Protein chains: 2
Amino acid sequence: MFTEGLEGEFMPPIPTPVPGGGRTELLRPDGSPLRVLVVDDETALVDLLAMTLRYEGWEVRAAANGVNGLRAAKEFRPDAVVLNIRLPDLDGLEVLSAMRRELRDVPVLVLTAKDAVEDRIAGLTAGGDDYVSKPFALEEAVARLRGLLRRSGMAAVRTESMLVVGDLTLDEDSHEVTRQGRSIHLTATEFELLRYLMRNPRRVLSKAQILDRVWSYDFGGQANVVELYISYLRKKIDAGRPPMIHTRRGAGYLIKPAEPAEAA
Amino acid sequence: MFTEGLEGEFMPPIPTPVPGGGRTELLRPDGSPLRVLVVDDETALVDLLAMTLRYEGWEVRAAANGVNGLRAAKEFRPDAVVLNIRLPDLDGLEVLSAMRRELRDVPVLVLTAKDAVEDRIAGLTAGGDDYVSKPFALEEAVARLRGLLRRSGMAAVRTESMLVVGDLTLDEDSHEVTRQGRSIHLTATEFELLRYLMRNPRRVLSKAQILDRVWSYDFGGQANVVELYISYLRKKIDAGRPPMIHTRRGAGYLIKPAEPAEAA
DNA sequence: TTCCCATCTGTGAGTTGTCTGAGAAGTTGT
DNA sequence: ACAACTTCTCAGACAACTCACAGATGGGAA
């Protein structure tokens, strides 16, 4: 989506207005919510993921091991699967194969431990699947799942890969970010932060919320990384231009289309 | 609801005027009041919170530790939970996980101690959850709870994020305040005070009430901060325009739409 | 009208929240 | 193994905010 010169300033483009604060329509043809099966034995993480995905509009079913996972696949007929390849009972690869046999065309998001050998995984993802390595950021996992679904050509899923706020655009597929048509390079963390902000335009997000979504769930560092990265983003996004990233002292940050007249 | 781009400056949104004094309908589909479970071992605070929430229309159940909290979750089936992560018996994170498993889709408002050096806050909350750190203002906790519910898509809960009194609007999501369409910047305390007034339009609120609701429950200062902040608000809200904030000598303050005819 | 007292508001000190530069530690690519 | 890049901690500077104090203002009862 190129919003060149013309409407750039006075008339914000707003091609695909993000609905309800960025949350997307995850609905099947029959109107029921999309289903996702989460298979992992780390219960705390599963609970966290399940809650997050439900909030995002999914219908979630969880299984703590391979056997239950496969059984759930049969019964629950999910539209997507999140699968840890390291399972307590069965070999994750076996489970993956079985899943594929059972659920045709259903994309799988594979969870791997950090130290896992990447090339084994590489083969897996060839089939349209994707993987994230633990510990991951919730925002990233959710985004990957959405991306999988979008790319797997699931009909009925009207998800756009493009987020647009004012003259700022972010493409979740190509990871390209532009402001006023000019491409901007962001690091991985900066990108994740901006995506979270843009998925919640005009809403104040507290530093704690941002930390929880954008940083890995096991992050134990200082809360002021958020301030730091906001500062980085501003240099790249707002530099010189009318600011889009705003601080609400004591509350958090928010992003919104730059308004010509800023009132005190 | 969705007033994209357009409305920016000149044209105030004025969506759905808030009904009966800003207090919202907290009802389930079957007509019974919404339920909230409060889990904290500080009994004085729990009593205060419980009383406040009951006044707001909730059906409240309290538990002083993790075990009872979980039991209550099973029996009481609350629609929302307020949970201190620092509990005397169980680890708050465990309790949180268990709650999520037991009560799917139920948002949790997490209470954290201010002095707990921000540690282990990360990765705590999922999609629909939120935090408040002690000591908090009751008005804020209540607002957060309402916000959680609204955003977690609970059907039947008809809460708007926008408060409207006359030509004055306050958006709880973006923290934006406008009068006659012009954006007005407020500090955190001013915002909280105005929110309280606007949630109770045309009703006289005593300085004591205001102090109890808007300032942290442990506030020990002079009661005339309220006068001071009313003064600040007037400068920003009423400046020049027909006044909306009125003093009832010996009784308190109230806010109402500025009408040409001023009746006592 | 006068006086008393509630309320209003200017001033300024102390506190808190946020921003950002410098650099250490870790990662990736060649 | 080196260079380039990224992530993150730390700490100082600065700005915004909160609140106490005290004198000014004004309402209303006698």
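Nothing here was measured: the structure is a model prediction, and the numbers come from that model. Proteins get letters first, then strands, A, B, ... in listed order; numbering begins at 1 in each.
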Separation of B:Leu228 atom CG from C:dG10 atom C1', in whole Å? 10 Å

Rounded to whole angstroms, how far apart are CZ on B:Arg249 and P on C:dC4? 15 Å

Give a yes/no answer on whether the side chain of A:Tyr229 brings an N or O atom under 4.0 Å of OP1 or OP2 in C:dC19. no

State whether B:Lys207 places a side-chain N or O below 4.0 Å from either non-bridging phosphate oxygen (OP1 or OP2) of C:dA6. no

Kindly state which residues belonging to residues 216-226 of chain B come within less than 4.0 angstrom of DNA chain D, counting heavy atoms of the residue only, listed by number. B:Phe219, B:Gly221, B:Gln222, B:Asn224, B:Val225

Reckon B:Ile230 touches a base, only the sugar-phosphate, or nothing at all at heavy-atom distances under 4.0 Å? nothing

If we ignore hydrogens and angles and just use 3.5 Å, is the side chain of A:Asp129 paired with the main-chain N or O of A:Val108 as donor and acceptor? yes

Positional range of nucleotides in DNA chain D within the contact set of chain B, heavy-atom, under 4.0 Å: D:dC17 to D:dG27

Exam field: side chain A:Ser231 to backbone A:Glu227, donor-acceptor pair closer than 3.5 Å: no

Does this structure show an ion pair linking B:Asp171 with A:Arg202, if we count only N-O contacts that are shorter than 4.0 Å? no

Does a side-chain N-to-carboxylate-O contact under 4.0 Å join B:Arg151 and B:Asp130? no

Contacts to DNA chain C from residues 231-242 of chain B, heavy-atom cutoff under 4.0 Å, which residues? B:Ser231, B:Arg234, B:Lys235

Classify the ring geometry of B:His175 against B:Phe191: parallel below 30°, tilted from 30° to 60°, perpendicular beyond 60°. parallel

Any salt bridge linking A:Asp41 with A:Arg86? Criterion: basic side-chain nitrogen under 4.0 Å from a carboxylate oxygen. no

Determine: side-chain N/O of B:Thr247 to OP1/OP2 of C:dC8, distance under 4.0 Å, yes or no. yes

Would A:Glu56 and A:Arg213 pass as an ion pair if we require N to O under 4.0 Å? yes

Is A:Lys236 reaching over with its side chain to a backbone N or O of A:His185, donor-acceptor style, under 3.5 angstrom? yes

If we only count heavy atoms from C-beta on, is the A:Leu163 to A:Leu194 side-chain gap below 4.5 Å? no

Residue-phosphate contact under 4.0 Å: B:Tyr253 side-chain N/O, C:dA6 OP1/OP2: no

B:Glu94 side-chain N/O to B:Asp91 backbone N/O, donor-acceptor pair under 3.5 Å: no

Is it true that a side-chain atom of A:Asp212 and a backbone atom of B:Thr125 form a donor plus acceptor pair closer than 3.5 Å? yes

